[in-house]
Amino acid sequence: MPKKDYLEGAINHFKHQEIKIIEVEEWGLTGEDAIYVKPFTLLEKAEIFKGSNDNDLTVLIDVIVKKAETKDGEKMFDLESKIKMKKFVDPDVIGKVATLILGQNENIQTLKKK
């Protein structure tokens with residue numbers, strides 16, 4: 001009798017999670033230009049929150065840069081975008097978008113604990 005793969009169900013569950021579609025009217029990202037977000041992997045979360053502290057709001061930008069994609073799966077932002085966001089983008093909108101990407105049930109504090 002073959003050994004049962006107990007991890008298979010968990011992997012299948014993750015594979016079938018829905019992609020979030022986030023519209024950001026302030027940035028003109030609506031309709032076809034909306035932000036598409038695939039679920040976070042544990043490795044992605046660890047990478048984003050590694051070395052950040054409770055007062056480091058740039059982690060919000062990291063969330064956006066890491067996860068925001070076009071409908072076709074291309075990254076919307078890069079390292080240069082991160083620098084410009086720090087200087088020229090409304091921090092309230094950055095917070096709103098990052099919160100939507102993270103999801104309603106998660107915030108920065110709970111993610112850091114994971």
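From a predicted model like this one, the values you see are computed outputs, not experimental measurements.
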**Message:** According to salt bridge (charged side-chain N to carboxylate O under 4.0 Å, His left out), does anything in residues 2-12 pair up with another residue at least two apart or in another chain? List the pairs.
**Reply:** none

**Request:** Can you sort out the partners of His16 under side chain to side chain donor-acceptor pair (under 3.5 Å), two or more places apart, ordered by chain and number?
**Result:** none

**Prompt:** By side chain to side chain donor-acceptor pair (under 3.5 Å), which residues pair with Glu74, not counting sequence neighbours?
**Reply:** none

**Set of residues satisfying salt bridge (charged side-chain N to carboxylate O under 4.0 Å, His left out) with respect to Glu47, sequence neighbours excluded** = Lys66

Could you pull out every donor-acceptor pair under 3.5 Å between side chains of residues 88-98 and any protein atom, sequence neighbours left out?
{"from": "Asp90", "atom 1": "OD1", "to": "Asp92", "atom 2": "N", "distance (Å)": "2.8"}
{"from": "Lys96", "atom 1": "NZ", "to": "Glu26", "atom 2": "OE1", "distance (Å)": "3.0"}
{"from": "Lys96", "atom 1": "NZ", "to": "Glu26", "atom 2": "OE2", "distance (Å)": "2.9"}

**Complete:** For Met85 and Ile64, the nearest pair of non-hydrogen atoms, with its separation, is CE-CG2, 4.0 Å

**Fill in**
Correct closest heavy-atom pair for Lys67 and Ile101 would be CB-CG2, 3.8 Å

Restricting to side-chain contact (heavy atoms from CB on, under 4.5 Å), what partner residues turn up for [X], sequence neighbours left out?
{"X": "Lys86", "value": "Thr58, Ile61, Lys82"}
{"X": "Glu18", "value": "none"}
{"X": "Lys15", "value": "Ile11, Asn12"}

Should [X] and [Y] be counted in the same cluster of Ile, Leu, Val, Met, Phe, Trp and Tyr side chains packed under 4.5 Å apart?
{"X": "Leu100", "Y": "Ile19", "result": "no"}
{"X": "Trp27", "Y": "Ile83", "result": "no"}
{"X": "Leu57", "Y": "Val24", "result": "yes"}

**Item:** Close side-chain approach of Phe14 and Leu42, heavy atoms under 4.5 Å
**Value:** no

How far does [atom1] of [X] sit from [atom2] of [Y], to the nearest 0.5 angstrom?
{"X": "Glu23", "Y": "Leu29", "atom1": "CD", "atom2": "CG", "answer": "9.0 Å"}
{"X": "Lys84", "Y": "Asp78", "atom1": "NZ", "atom2": "CG", "answer": "8.5 Å"}
{"X": "Leu60", "Y": "Ile48", "atom1": "CG", "atom2": "CD1", "answer": "10.5 Å"}

Between side-chain atoms of residues 30-40 and protein atoms elsewhere (two or more places apart, or another chain), which donor-acceptor pairs fall under 3.5 Å?
{"from": "Glu32", "atom 1": "OE1", "to": "Lys71", "atom 2": "NZ", "distance (Å)": "3.3"}
{"from": "Glu32", "atom 1": "OE2", "to": "Lys71", "atom 2": "NZ", "distance (Å)": "3.3"}

**Item:** Connected-component partners of Tyr6 among ILVMFWY, side-chain separation under 4.5 Å
**Value:** none

**Message:** Please determine whether the number of non-hydrogen atoms from other residues, nucleotides or ligands lying under 6.0 Å from atom CD of Gln17 exceeds 12.
**Reply:** yes

